[in-house]
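When a residue number appears, it is its place in the shown sequence, counting from 1. Remember, it's a predicted structure, so these values are computed and weren't measured experimentally.
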Amino acid sequence: MEGRWGASWLASLPVWLTTAVLVGCADSGPTGPEPPQAFDLLVLNSTGQTMARFTVAEEVRVAGSKVDLGPNFDGDALDVSSLHAVSTISSFGGSRVVFVELETGTVSTSGFPEPEGNLANPSQPAFDESGAVWVGGRGSDAVYRVTPGEAVATRIGEAVGTFVERVVPIGDELWAVDANIDDEGFTFQPLGPSRVVVLARSGEVRRIIELPAGAPNARDAVLSAGRLVVLAGGTFDPVTFAPDGNGAIVTIDVADESLSVPVPLDGNGIGLESGRDGLIYVTSTTDFVTIDLLRFDPATGAFQRGPDNPIRIRDAAGSRVDCWTATALADRRLLCATFSFAEAGRLLLLDSEGRALSEVPSGFGTTDIRLLE
């Protein structure tokens with residue numbers, strides 16, 4: 001199966017400088033202030049089963065046609081390297097890792113070894129510095145390594161946890177986030193505290209870091225400012241599935257493995273993204289209808305904009321926008337994507353306070369965005 005970005009994609013192939021910032025002062029020449037340099041980003045449309053590319057400068061605009069990820073695609077997260085984008089397909093679609101070659105838009109897939117095979121249920125993927133991808137098996141309780149072009153992933157660690165949600169490569173180790181929830185009984189309720197299992201890259205478990213009781217259902221993590229920032233999604237009512245509002249952020253100092261106290265979200269966590277401004281952008285909800293955007297500083301372990309004063313996202317008409325996921329450029333302008341089953345999502349470029357600067361449709365069921373390196 002192959003997909004193509006289209007002619008306008010090919011015209012945008014040069015990789016833009018990732019350290020560009022908006023020059024806010026007057027230029028010494030006659031032309032005045034310099035415009036912001038351009039960045040490209042990818043948007044993952046889970047229900048639309050596509051990946052789309054956009055360019056951000058003074059405004060956000062489409063950069064080529066969408067890539068078709070196939071009829072079984074249901075991934076909700078992606079990562080990027082200099083050459084590829086990657087996402088995953090759950091066990092409902094046959095447990096696959098999906099690669100997209102950035103230059104051509106060509107799509108390829110990798111499977112999982114037996115005996116788990118189609119039941120591995122891969123987690124969110126993460127590239128390492130070599131271009132290899134690490135994923136956890138939510139269903140198989142294992143950790144895997146796979147590179148683009150490989151037909152089958154390699155099982156690295158077994159019996160790592162009960163529901164491995166994320167594997168973060170750090171130095172010569174793998175930090176695997178285990179939600180420790182009941183997926184076999186399909187209650188998806190905590191079996192005990194969430195954990196971070198630290199493995200050697202060869203697969204041996206070196207140590208286990210148990211997260212505090214106030215951080216249930218750990219579901220994602222990013223490395224920033226020397227700390228692993230873990231999003232605890234929180235629990236939900238097993239009958240009504242209403243969120244219990246007990247999500248939190250907890251940080252782990254990578255050097256000494258000290259844990260912070262959980263920082264409450266006053267809601268359930270949806271996702272977190274590292275901004276190019278060095279801050280973390282967290283989305284949370286109390287009802288899965290309205291969504292708040294929070295700004296967390298990993299260096300201080302505290303919110304700059306917390307649950308009591310979230311960033312108020314507004315479109316050009318002044319109406320509220322609920323961001324499913326969001327991140328920031330180095331100049332602190334924000335990028336926000338909305339999610340909807342009923343209509344196309346929206347991709348907004350905003351100032352640091354959430355006021356709209358530009359907007360385009362993002363695609364159906366947008367669940368993740370990623371700035372290109």
If the threshold is 4.0 Å, N to carboxylate O, is there a salt bridge linking [X] and [Y]?
| X | Y | answer |
| --- | --- | --- |
| E173 | R201 | no |
| D351 | R333 | no |
| K66 | D68 | no |

Scan for disulfide (SG to SG under 2.5 Å) pairs involving [range], sequence neighbours excluded, and state none if there are none.
| range | result |
| --- | --- |
| residues 69-136 | none |
| residues 291-338 | C323-C336 |
| residues 86-142 | none |

What pair of heavy atoms forms the shortest contact from [X] to [Y], and how long is it?
| X | Y | value |
| --- | --- | --- |
| N217 | A179 | OD1-CB, 3.5 Å |
| L349 | A57 | CD2-O, 4.1 Å |
| A218 | S194 | N-OG, 3.0 Å |
| D172 | R206 | OD1-NH1, 3.7 Å |

Give every residue pair that meets the side-chain hydrogen bond (donor to acceptor under 3.5 Å, both in side chains) criterion with at least one member in [range], sequence neighbours excluded.
| range | result |
| --- | --- |
| residues 110-122 | E116-Y144, E116-R155 |
| residues 229-244 | T235-D244, T235-N246, D237-T240 |
| residues 310-319 | D315-R346 |

Just wondering, do V164 and V177 contact through their side chains at under 4.5 Å, heavy atoms?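 A side-chain contact under 4.5 Å is absent here.
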
Please tell me if the side chains of V230 and I249 come closer than 4.5 Å, counting only heavy atoms from C-beta onward.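 The answer is no, as the side chains (C-beta and beyond) never meet within the 4.5 Å cut-off.
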
If you measure only the distance, is there a donor-acceptor pair under 3.5 Å linking the side chains of [X] and [Y]?
| X | Y | answer |
| --- | --- | --- |
| T290 | D322 | no |
| N45 | T50 | yes |
| T109 | R96 | yes |

Sub-3.5 Å donor-acceptor pair from the side chain of [X] to the main-chain atoms of [Y], do we have one?
| X | Y | result |
| --- | --- | --- |
| Q124 | R219 | yes |
| D182 | F188 | no |
| S362 | G345 | yes |
| D178 | V160 | no |
| S91 | L119 | no |
| T88 | S123 | yes |
| R276 | A328 | no |
| T147 | A132 | no |

Nearest-0.5 Å distance that lies between atom [atom1] in [X] and atom [atom2] in [Y]:
| X | Y | atom1 | atom2 | value |
| --- | --- | --- | --- | --- |
| S352 | L279 | OG | CG | 10.5 Å |
| L294 | I311 | CG | CD1 | 7.5 Å |
| L41 | T55 | CG | OG1 | 8.0 Å |

Summary of salt bridge (Lys or Arg N to Asp or Glu O under 4.0 Å) pairs that have at least one residue in residues 285-297, sequence neighbours excluded: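 Listed by first then second residue: D292-R320.
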
So with a 6.0 Å cut-off around CD of E184, is the heavy-atom count from everything else above 12?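 No - once you tally the heavy atoms of other residues, nucleotides and ligands closer than 6.0 Å, there are 12 at most.
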
Output all residues satisfying side chain to side chain donor-acceptor pair (under 3.5 Å) with E204, sequence neighbours left out; order by chain, then residue number.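 Result, side chain to side chain donor-acceptor pair (under 3.5 Å) vs E204: S202.
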
Is there a side-chain hydrogen bond (donor to acceptor under 3.5 Å, both in side chains) between D74 and S90? Walk through the geometry before answering. CA-CA 7 Å; D74 62 359; S90 77; 2.5 Å; yes

Going through the checks in order, is the salt bridge (Lys or Arg N to Asp or Glu O under 4.0 Å) test met by E353 and R305? CA-CA 10 Å; E353 294 301 311; R305 298 291 293 273; 3.0 Å; yes

Give the C-alpha distance, both sets of side-chain angles, the deciding distance and a yes or no for side-chain hydrogen bond (donor to acceptor under 3.5 Å, both in side chains) between S274 and S224. CA-CA 8 Å; S274 289; S224 184; 5.0 Å; no

Linked hydrophobic residues, [X] as query - side chain contacts closer than 4.5 Å:
| X | answer |
| --- | --- |
| V152 | none |
| V261 | none |
| F364 | none |

CA sep, side-chain torsions, deciding dist, call: E103, L83, side chain to side chain contact (heavy atoms under 4.5 Å, CB included): CA-CA 7 Å; E103 183 174 350; L83 299 176; over 6 Å; no

List in chain and number order the residues that pass salt bridge (Lys or Arg N to Asp or Glu O under 4.0 Å) with R166, two or more places apart in sequence or in another chain; answer none if no residue qualifies.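 R166: salt bridge (Lys or Arg N to Asp or Glu O under 4.0 Å) contacts with D220.
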
Parallel, tilted or perpendicular: which fits the ring planes of F127 and F99, with parallel below 30° and perpendicular above 60°?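 Ring orientation, 0 to 90° scale: tilted.
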
